[in-house]
Enquirer: 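I am attaching a structure below and will ask some questions about it afterwards.
Keep in mind that what you see is a predicted model, and the values were worked out from it rather than measured. When a residue number appears, it is its place in the shown sequence, counting from 1.
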Amino acid sequence: KPQSKSAASMLCAQHCANQVAWLVNEIAKQNAHIQTESGSRLLSHHDIVLLVATNKQAKLMQTCLNALSVASVCADKSSVFSSYEALDILNVLSFITKPDTRQAQQNATHGVLLQCLHGNKQLGSFELSTYQTLLHQQGTLACFNPVLAAVESAVLALPFGERRLSNYWHLVELIQHNTHHLNAVEVLDWLCSKIERSNDNSSENNDDQPRLESGVQRIRIMTLHQSKGLEFGIVFIPFSAISKSQKVSKEQLSRYFDGNQRCIFYQVRRPEDEQLKQIQHEQNSENLRILYVGVTRAKFAVILAYGLVK
């Protein structure tokens, strides 16, 4: 019986995660070997990669792996400014800049950074003045250096602790680099603007994209587009059976080939049936081209999903 796309996605992700978990267990036992031109060697985490079409699929795959205690590292095009850590840093900066504002104090002291630093206690006046001096005289990085150093072990003990700590360090470095010439209030305005814009679309600025956590002993997850030109030992493409369909909606550009030339269709009315067929054909062709990229990334083995999907 054909599955809906959402149900099929979950089934594919869970089955793939089970297969990866089995491989990781075999790696730990040193039971997994691969045959190369120079002889046999042990399989490693670095040999395995999961290729997906979208960031949403990457997050689903990482969630399923986490449920099986399989560590993974996920590369995506989201902005680090869309993370919780960005909001936490904004709240702490607001408190340091405007300590007499009750809302700023509440937001900051209930965040992860100050909870890890002081539990439920508020910053003492001496410590607050120290952070204010560092912020005004040396900038954001100098202000947050002692804070992040003090909370490192506590943050790492939290779920996704390495990801969180990496985001904190990444954010303060970006803030320092981009706002070193601004005063504290202007820094707050700049950070607010970055957070607001990060929720509109994915980041095209590589500096804003979250850094990868340490790849050691982690299974890599990346998009098919990101894998172009790379080679991996064992490639999983868990959502290969789930095609990306293009819905033609009002005021949308669609590209297709009409048999003679490349065409661009701007949707302001319902397209003709023949145009719809050509647009969908173009999308199917693109799906196959991207799938071909993924299949040809594998050096030793490629594992695909297939089945009936609505």
Enquirer: Where is the tightest heavy-atom contact between Ala142 and Gln138, given as atom of each residue plus distance?
Expert: CB-CB, 3.5 Å
Enquirer: Kindly give the heavy-atom pair with the smallest separation between Pro99 and Gln132, and that separation in Å.
Expert: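 Shortest heavy-atom contact: CG-NE2, 3.4 Å.
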Enquirer: Check whether any side-chain heavy atom of Ser40 sits under 4.5 Å from a side-chain heavy atom of Gln35, and report yes or no.
Expert: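 A side-chain contact under 4.5 Å exists here.
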Enquirer: What's the separation between atom NE2 in His180 and atom CG in Leu141, rounded to the nearest 0.5 Å?
Expert: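 Atom-to-atom, His180:NE2 and Leu141:CG are 12.5 Å apart.
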Enquirer: For atom NE2 of His33, is the number of surrounding heavy atoms from other residues, nucleotides or ligands below 6.0 Å larger than 12?
Expert: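 Yes.
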Enquirer: Taking Arg218 for the side chain and His45 for the main chain, is one N or O donor matched with an acceptor at less than 3.5 Å?
Expert: no
Enquirer: With side chain to side chain contact (heavy atoms under 4.5 Å, CB included) as the criterion, how do Arg297 and Lys228 come out once you've worked through the C-alpha distance, each side chain's angles and the decisive distance to 0.1 Å?
Expert: CA-CA 8 Å; Arg297 298 310 93 201; Lys228 288 182 178 179; 5.9 Å; no
Enquirer: Quick check: is Val293 connected to Leu304 through a chain of hydrophobic side chains (ILVMFWY, heavy atoms under 4.5 Å apart)?
Expert: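 No; Val293 is not reachable from Leu304 via cluster members.
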Enquirer: Could you grab the distance from atom CG of Asn145 to atom OH of Tyr131, nearest 0.5 Å is fine?
Expert: 11.0 Å
Enquirer: Heavy-atom distance under 4.5 Å between the side chains of Ile234 and Leu43, does that happen here?
Expert: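 With C-beta onward as the side chain, the pair touches.
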Enquirer: Looking only at non-hydrogen atoms, find the nearest pair between Cys64 and Met10 and report the distance.
Expert: SG-SD, 4.3 Å
Enquirer: Ignoring hydrogens, what is the shortest heavy-atom contact between Ala301 and Ala298? Give both atom names and the distance.
Expert: O-CB, 3.2 Å
Enquirer: Ignoring hydrogens and angles, tell me if any N or O in the side chain of His110 forms a donor-acceptor pair with the backbone of Gln106 under 3.5 Å.
Expert: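 Here the side-chain-to-backbone pair exists.
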Enquirer: Can you tell me how far CG of Leu224 sits from CD of Gln57, rounded to the nearest 0.5 angstrom?
Expert: 8.5 Å
Enquirer: Report yes if some heavy atom in the side chain of Leu135 is under 4.5 Å from a heavy atom in the side chain of Thr140; otherwise report no.
Expert: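 Yes; the side chains approach each other to less than 4.5 Å.
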Enquirer: Indicate yes or no: at least one non-hydrogen side-chain atom of Met222 is less than 4.5 angstrom from one of Leu230.
Expert: yes
Enquirer: Quick check: closest heavy atoms across Ala21 and Leu68, and the distance to 0.1 Å?
Expert: CB-CD1, 4.0 Å
Enquirer: Is it true that, when you exclude His15 itself, more than 12 heavy atoms of the residues, nucleotides or ligands shown sit nearer than 6.0 Å to its NE2?
Expert: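 Incorrect, the count does not exceed 12.
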Enquirer: Measure the CD1-CG distance between Ile221 and Asn55 for me, rounded to the nearest 0.5 Å.
Expert: 11.0 Å
Enquirer: Can you hop from Val295 to Tyr292 via hydrophobic side chains spaced under 4.5 Å?
Expert: no
Enquirer: Compare all side-chain heavy atoms of Leu134 with those of Phe144 and state whether any distance is below 4.5 angstrom.
Expert: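 Leu134 does not reach Phe144 side chain to side chain.
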Enquirer: If two hydrophobic side chains count as joined below 4.5 Å and joins carry through other members, does Trp169 share a cluster with Ile195?
Expert: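 Yes, Trp169 connects to Ile195 through the hydrophobic network.
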Enquirer: CD1 of Ile290 to NE2 of His225: how many Å apart, nearest 0.5 Å?
Expert: 3.5 Å
Enquirer: Return yes if some donor-acceptor pair links the side-chain N/O of Glu162 with the main-chain N/O of Leu156 below 3.5 Å, else return no.
Expert: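 Not confirmed, Glu162 side chain does not pair with Leu156 backbone.
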Enquirer: So how far is it from Leu50 CG to Cys16 SG, rounded to the nearest 0.5 Å?
Expert: 4.0 Å
Enquirer: Answer yes if Phe300 and Ile27 sit in the same cluster of Ile, Leu, Val, Met, Phe, Trp and Tyr residues linked by side chain heavy atoms under 4.5 Å apart, and no otherwise.
Expert: yes
Enquirer: If you look at every heavy atom in Leu117 and Ala150, which pair is closest and at what distance?
Expert: CD1-CB, 3.6 Å
Enquirer: Taking side chain as C-beta onward, heavy atoms only, is Ile303 less than 4.5 Å from Gln19?
Expert: no
Enquirer: Kindly indicate whether the side chain of Phe81, heavy atoms from C-beta on, has any atom under 4.5 Å from the side chain of Leu171.
Expert: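 Of all side-chain heavy-atom pairs linking Leu171 with Phe81, at least one is under 4.5 Å.
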Enquirer: Side chain to side chain donor-acceptor pair (under 3.5 Å), that's the test. Do Gln14 and Asn18 meet it? Break it down for me.
Expert: CA-CA 6 Å; Gln14 291 173 338; Asn18 287 333; over 6 Å; no
Enquirer: Would you say the side-chain atoms of Ser72 pair up with the backbone N or O of Ile219, donor to acceptor, closer than 3.5 Å?
Expert: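 Answer holds: no.
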Enquirer: Taking distance alone, no hydrogens or angles, what donor-acceptor pairs closer than 3.5 Å link side-chain atoms of residues 84-98 to residues at least two apart or in another chain?
Expert:
from  : atom 1 : to     : atom 2 : distance (Å)
Tyr84 : OH     : Val112 : N      : 3.0
Glu85 : OE1    : Ser83  : OG     : 3.4
Glu85 : OE1    : Asn167 : ND2    : 3.0
Asp88 : OD2    : Val112 : N      : 3.3
Asp88 : OD2    : Leu113 : N      : 2.9
Asp88 : OD2    : Tyr168 : OH     : 2.6
Asn91 : ND2    : Leu87  : O      : 3.3
Ser94 : OG     : Leu90  : O      : 2.9
Thr97 : OG1    : Leu93  : O      : 2.8

Enquirer: Determine yes or no for a side-chain-to-main-chain donor-acceptor pair under 3.5 angstrom, with Asp47 supplying the side chain and Ser44 the backbone.
Expert: yes
Enquirer: Mind checking ring pair (Phe, Tyr, Trp, His ring centres under 6.0 Å) for Trp22 and listing every partner two or more places apart, or none if nothing turns up?
Expert: none
Enquirer: Strictly by modelled atom types, are Gln62 and Asn66 linked by a side-chain donor-acceptor pair under 3.5 Å?
Expert: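 No pair is found: no donor N or O on one side chain lies under 3.5 Å from an acceptor on the other.
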Enquirer: Is the closest side-chain heavy-atom distance between Phe236 and Met61 below 4.5 Å?
Expert: no
Enquirer: So, does Ser193 use its side chain to make a donor-acceptor pair with the main chain of Asp189 at under 3.5 Å?
Expert: no
Enquirer: Are Ile237 and Leu11 linked, directly or through other ILVMFWY residues, by side chains that come within less than 4.5 angstrom of each other?
Expert: no
